[in-house]
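Counting convention: from 1, in listed order, for ligands and their atoms alike.
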Amino acid sequence: MTDLTFTHTEASRLPAAERLAILEDPGFGKRFTDHMVSIIWDREIGWHDAEVVPYGPIPMDPASSVLHYGQEIFEGMKAYRHPNGDIVTFRPEANAKRLNESARRLALPELPVDLFVRAVNELIAIDAEWVPRGSDQSLYLRPFMISDESFLGVRAAERARFMVIASPAGPYFTGGVKPVSIWLSESHSRAGHGGTGAAKCGGNYAASLLPTRVAQEHGCAQVLFTDSNTPDTIDELGGMNLFLVRADGTLITPRLNGNILAGITRDSLIRLAKDHGREVEEREVTVSEWQAGVADGSIVEAFACGTAAVITPIARLESERGVLVDFGDQAPGELTMSLREELTGIQFGTVEDRFGWVSRVVTGGTTE
Ligand code: PLP
Ligand code: COI
């Protein structure tokens with residue numbers, strides 16, 4: 001246990017009527033709660049100055065290393081409101097561990113897992129009224145870490161700042177669980193061997209923005225990236241992992257090959273599917289195999305998954321070559337939807353949490 005205590009500075013809170021109006025239809029990542037968490041690290045002292053403060057701009061020197069060399073990592077997780085009013089998080093230690101894996105790759109300091117969890121819980125507790133009550137709504141939490149040293153030499157920074165901000169969220173894709181079209185990027189890669197693909201760092205997302213714009217110009221919601229050396233081999237989407245479903249109910253997903261993010265939703269779905277006796281193949285998956293499988297009827301569904309996207313059915317795959325895969329009907333697949341219902345049921349407290357994934361942060365309005 002880290003014995004760092006958090007100091008609190010109360011914000012002047014948004015009036016309840018305004019907050020409730022935002023919670024009616026929060027969208028994704030547009031509005032932020034009243035507070036945020038900040039913890040400072042430097043090489044001499046380690047982690048210190050843990051604070052819960054009013055949400056707002058952070059002081060930053062223009063020579064701050066993050067602004068020049070992009071030494072930044074982040075996490076994405078959600079707080080859910082249960083029918084009895086309890087507020088829970090989902091596998092927060094997994095996010096804490098993944099942040100530390102990203103920290104190692106980006107030469108940032110690791111944050112003790114218990115401190116990560118406490119930081120997130122502090123914010124949820126103080127801004128509990130921001131956790132929406134509507135169906136498929138949650139409070140999206142964005143823990144992140146930046147290098148924060150005023151120095152232009154290219155080396156790992158000696159000072160960093162960890163923060164948590166929170167934003168009420170509805171469905172990531174407008175239109176709810178409507179199947180989406182995705183765009184196969186054949187001219188840009190997101191990650192290469194030995195690169196930062198397995199880390200959750202801002203640079204990976206910056207690299208995905210141009211191909212994402214191309215995707216959107218073609219009416220597609222996300223970009224599918226393949227391996228930079230073997231372009232038929234599927235890695236993942238810009239912000240989600242990918243699964244294919246075979247007619248016999250087997251799930252197929254690219255193995256964690258060092259280039260893709262080890263999604264916590266991905267891992268949870270693999271465990272749920274195996275628990276139901278389904279086969280799950282984690283291996284190399286190719287676009288050709290997907291095309292051939294849909295053509296001969298052996299692959300019947302595809303979906304994207306991640307914290308923000310939850311589970312989103314994929315209807316079509318397109319590229320500069322035209323439509324590569326088309327599932328034809330626009331209805332979400334049966335297995336896709338049953339996995340979605342079970343996972344969200346656990347998160348929202350309507351399905352038994354048989355894996356112990358859910359952590360209670362606030363009990364019926366009172367902080368634990
Ligand atoms: N892959 C990428 C590139 C992502 O940004 C995300 C989202 O966090 C995921 C996969 C899914 O990860 P998780 O299920 O932990 O949210
Ligand atoms: C998440 O799902 O938490 C992510 O970070 C994905 C991002 C593209 C919103």
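- Contact annotation: for K78 versus ligand 2, there are no heavy atoms closer than 4.0 Å.
- Given atom 5 (O) of ligand 2, the protein heavy atom at minimum distance is K200 NZ, 2.7 Å.
- Contacts of ligand 1 (protein heavy-atom distance under 4.0 Å) are R98, R190, K200, Y205, E236, L237, G238, G239, M240, N241, L261, G263, I264, T265, C305, G306, T307.
- When hydrogens are left out, the protein atom nearest atom 6 (C) of ligand 2 is G239 O, 3.7 Å; that is the closest non-hydrogen contact.
- Among all protein heavy atoms, the one lying closest to atom 2 (O) of ligand 2 is A308 N, 2.8 Å.
- Proximity of P168 to L139: side-chain heavy atoms (C-beta onward) are separated by under 4.5 Å at one or more points.
- For atom 7 (C) of ligand 2, the closest non-hydrogen atom on the protein side is R142 NH2, 4.3 Å.
- Salt-bridge check for R266 with E236: failed, with every basic side-chain N at 4.0 Å or more from each acidic carboxylate O.
- Taking a cutoff of 4.0 Å between a charged side-chain nitrogen and a carboxylate oxygen, D275 and R271 do not qualify as a salt bridge.
- Close approach of ligand 2 to T307 (heavy-atom distance below 4.0 Å) involves ligand atoms 2 (O), 3 (O).
- In summary, E75 and K200 do not engage in a salt bridge, as defined by a charged side-chain N under 4.0 Å from a carboxylate O.
- Salt-bridge check for E279 with R246: failed, with every basic side-chain N at 4.0 Å or more from each acidic carboxylate O.
- Under 4.0 Å is where a charged nitrogen must lie from a carboxylate oxygen, and between R354 and E352 no such pair does.
- Backbone and side-chain nitrogen or oxygen atoms of Y205 are examined, and none is located within less than 3.5 angstrom of a nitrogen or oxygen of ligand 2.
- Within ligand 2, counting atoms from 1 as listed, the ones closer than 4.0 Å to a heavy atom of G76 are 3 (O).
- Applying the ring-ring contact (aromatic ring centres under 6.0 Å, His included) test to H218 and every residue at least two apart in sequence or in another chain returns W183.
- Of the protein's heavy atoms, Y172 OH, 3.8 Å lies nearest to atom 8 (C) of ligand 2.
- The hydrophobic cluster around L256 extends to I260, counting ILVMFWY residues whose side-chain heavy atoms fall within less than 4.5 Å of a member.
- The F74 neighbourhood of ligand 2 comprises atoms 5 (O), with distances under 4.0 Å to a heavy atom of that residue.
- Annotation for ligand 2: atoms under 4.0 Å from non-hydrogen atoms of Y140 are 1 (C), 3 (O), 4 (C), 5 (O).
- Between M240 and Y172, some side-chain heavy-atom pair lies under the 4.5 Å cut-off.
- Residue pairs meeting the salt bridge (Lys or Arg N to Asp or Glu O under 4.0 Å) criterion with at least one partner in residues 30-41, sequence neighbours excluded, are absent.
- In this structure, a donor-acceptor pair under 3.5 Å is present between the side chains of S147 and S65.
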